[in-house]
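Remarks on the structure that follows.
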There are 2 protein chains.
Amino acid sequence: MAKNEPAETDIPRTRGSGTQSVYTILRREILAMTLAPGSPLDEVRLSERFGMSRTPIREALLRLSADGLVTTLPNRNTIVATIDFASLPPYFDALTLMYRVTTRGAAMRATPQAMGEIRKRQAEFAAAVAAHDAFAMIEANREFHVAIAELAGNAYYTTFFARLLDEGRRILRLYYRTFDDRLPRQYVDEHEEMIAAIEARDVERSDRLAIKHAEQIVRQIQDYIARDLGQPIDLAAS
Amino acid sequence: MAKNEPAETDIPRTRGSGTQSVYTILRREILAMTLAPGSPLDEVRLSERFGMSRTPIREALLRLSADGLVTTLPNRNTIVATIDFASLPPYFDALTLMYRVTTRGAAMRATPQAMGEIRKRQAEFAAAVAAHDAFAMIEANREFHVAIAELAGNAYYTTFFARLLDEGRRILRLYYRTFDDRLPRQYVDEHEEMIAAIEARDVERSDRLAIKHAEQIVRQIQDYIARDLGQPIDLAAS
DNA sequence: GGGCTGTTTCCTGTCGACAATATGTGCAAT
DNA sequence: ATTGCACATATTGTCGACAGGAAACAGCCC
């Protein structure tokens with residue numbers, strides 16, 4: 001790499017935006033798996049890349065650490081948090097629960113104008129599926145469910161759910177490399193059913209759909225993992 | 001205040017412990033309401049108090065901010081997060097849900113030796129109630145429920161629940177100033193029932209007890225708030 | 001007397017430098 | 001060949017200093 005790389009931004013950023021922009025960019029890269037789990041994040045190298053001092057970098061890393069996206073090894077470097085497949089079952093439990101709770105809550109508080117935001121997200125999701133754009137699909141799916149959570153009106157649920165969905169984005173990113181598009185279309189239909197149930201303020205039906213939707217996703221990812229782990233291992237290679 | 005105050009620690013702390021200790025101390029003081037909600041936290045003053053540079057202070061404040069315990073006003077000071085009484089109903093919903101989920105989970109995975117930790121916490125709680133020590137009571141109650149959550153074995157639930165319980169400590173701190181001790185004794189009994197149900201691996205009974213326990217606490221705090229808000233306002237005073 | 005404007009002051013956001021610690025490397029001894 | 005130790009290196013944790021913004025204050029105009 002040439003020295004005097006012009007850094008990411010040449011415009012002299014406004015005061016206070018340094019940490020924020022680094023946080024946003026790194027977060028996006030981690031969630032999109034551009035930065036592989038386990039990658040070392042060197043403060044000096046990052047400060048050179050972003051053209052700023054180590055201080056804002058450190059603060060951004062600290063925030064990422066609080067989000068659980070990076071792991072800080074004391075007196076050593078910080079690395080992108082690894083994906084622990086052993087913790088997947090608890091993850092699925094938590095995800096399913098939050099699907100249910102937020103969908104139920106939304107069904108209890110549904111108002112016509114609040115449905116607009118949800119429909120908008122659903123339209124974006126459908127468009128991403130049609131375009132076979134895995135990245136946009138994952139993004140839109142998250143926004144769709146967060147919109148439902150916001151309608152449910154419980155900030156504690158929304159925050160926790162958003163965090164779970166973000167963590168899931170990295171797993172989905174692994175998964176959708178091999179996705180066959182029959183299933184995403186099914187998700188679109190399921191989303192439509194959920195919208196209808198919420199709008200009808202049918203709490204129990206919303207709940208059942210949330211369970212079904214969650215089961216669908218969980219089974220999907222488990223199948224993927226099983227397929228992946230099932231690859232024959234070449235014992236002669238060692 | 002005299003200048004050259006000897007600071008909180010005279011021993012030259014080990015590398016890396018600065019942020020940690022400041023975080024721990026401030027966190028305790030915020031949760032114990034020693035630092036009132038809305039109190040300004042001045043970085044310079046804190047650095048003088050703890051006898052270290054502003055850098056570790058800043059990092060500690062950043063971590064507290066991620067925990068939602070302080071609010072950072074850009075380019076201005078950071079303040080201890082205020083308690084928003086309007087968000088209490090969502091809070092109670094979330095708390096009840098986590099009581100249920102963790103208790104159910106514990107009942108599903110109960111093992112004899114795991115019950116030891118829970119019993120130990122329960123003993124501490126009972127001792128605090130007997131001693132009329134409100135602070136120790138709140139602390140032990142939190143540890144009791146976190147121990148149950150850990151037995152449930154879902155790290156996502158444990159983290160979220162612990163955060164909710166911490167936030168609740170500040171509310172309880174308001175409440176237990178006026179506590180009459182009949183009710184804490186009832187909590188001790190309810191805890192005992194929960195332990196028995198978990199140990200018997202009776203999931204449904206554990207669930208019912210968790211609901212009952214949560215309802216008890218919620219009603220309690222709501223009564224307190226109603227009583228407080230019900231104070232006659234002296235209109236002539238203005 | 002009240003409202004607007006320029007100034008002052010305080011505090012934060014950012015910077016570059018130094019010190020401490022963990023890892024990797026080379027050498028010697030068993 | 002492997003283990004142990006000393007050294008070198010790389011990267012973090014901490015520090016003091018400077019600059020930029022926002023609130024507080026004073027002065028001026030109406």
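Every chain is numbered from 1, with letters handed out A, B, ... down the list of sequences. Everything numeric in this text was worked out from a predicted model, so none of it was measured.
- A:Leu41 comes within contact range of the sugar-phosphate backbone alone, with a heavy-atom separation under 4.0 Å but no base atom that close.
- The side chain of A:Thr19 lies closest to C:dT14 when the candidates are D:dT11, C:dT14, C:dC15.
- When the P atom of C:dG16 is taken as reference, atom CD of A:Glu48 falls 12 Å away, rounded to whole Å.
- The listed nucleotides are C:dT12, C:dG16, D:dG16; the one nearest the side chain of B:Val44 is C:dT12.
- Taking 4.5 Å as the limit, every side-chain heavy atom of B:Tyr91 sits out of range of all side-chain heavy atoms of B:Ile83.
- Taking the side chain of A:Arg15 as heavy atoms from C-beta on, and the options C:dC15, D:dA19, D:dT14, the nearest nucleotide is D:dA19.
- If you measure from atom CG of B:Leu46 to atom P of C:dC11, you get 12 Å, rounded to the nearest angstrom.
- We find that CZ of B:Arg45 is positioned 10 Å from C1' of C:dC11, with the value rounded to whole Å.
- A salt bridge between A:Arg169 and A:Asp166 is present, with a side-chain N of the basic residue lying under 4.0 Å from a carboxylate O of the acidic one.
- In this structure B:Tyr99 satisfies the ring-ring contact (aromatic ring centres under 6.0 Å, His included) test together with B:His145, B:Phe161, B:His213, sequence neighbours excluded.
- Between A:Arg54 and A:Ser17, the residue anchored nearer the 5' end of DNA chain C, judged by the nucleotide with its closest heavy atom, is A:Ser17.
- Within the 4.0 Å cut-off from OP1 or OP2 of C:dG13, not a single side-chain nitrogen or oxygen of A:Thr14 is found.
- Picking from C:dG16, D:dT14, C:dC11 the nucleotide with the shortest atom distance to the side chain of A:Arg58 gives D:dT14.
- Atoms CD1 (B:Ile57) and P (C:dT14) sit 18 Å apart, rounded to a whole Å.
- Atom-to-atom, CZ of B:Phe50 to P of D:dC15 comes out at 13 Å; the value is rounded to the nearest Å.
- B:Tyr157 places a side-chain N or O within donor-acceptor distance of the main-chain N or O of A:Asp93, the cut-off being under 3.5 Å.
- Taking atom CE of residue B:Met52 and atom P of nucleotide D:dC15, one finds them 7 Å apart after rounding to whole Å.
- A:Phe160 and B:Phe160 have their aromatic ring centers within a separation under 6.0 angstrom.
- At a non-hydrogen distance threshold of 4.0 Å, B:Asn75, B:Arg76, B:Asn77 from residues 65-79 of chain B come into contact with DNA chain C.
- For B:Glu143 and B:Lys120, the salt-bridge test fails: no basic side-chain N is under 4.0 Å from an acidic carboxylate O.
- Residues B:Arg121 and B:Arg142 are not in side-chain contact: their nearest non-hydrogen atoms beyond the backbone lie 4.5 Å or more apart.
- Atom CG of B:Leu62 and atom P of C:dT12 are 13 Å apart (whole Å).
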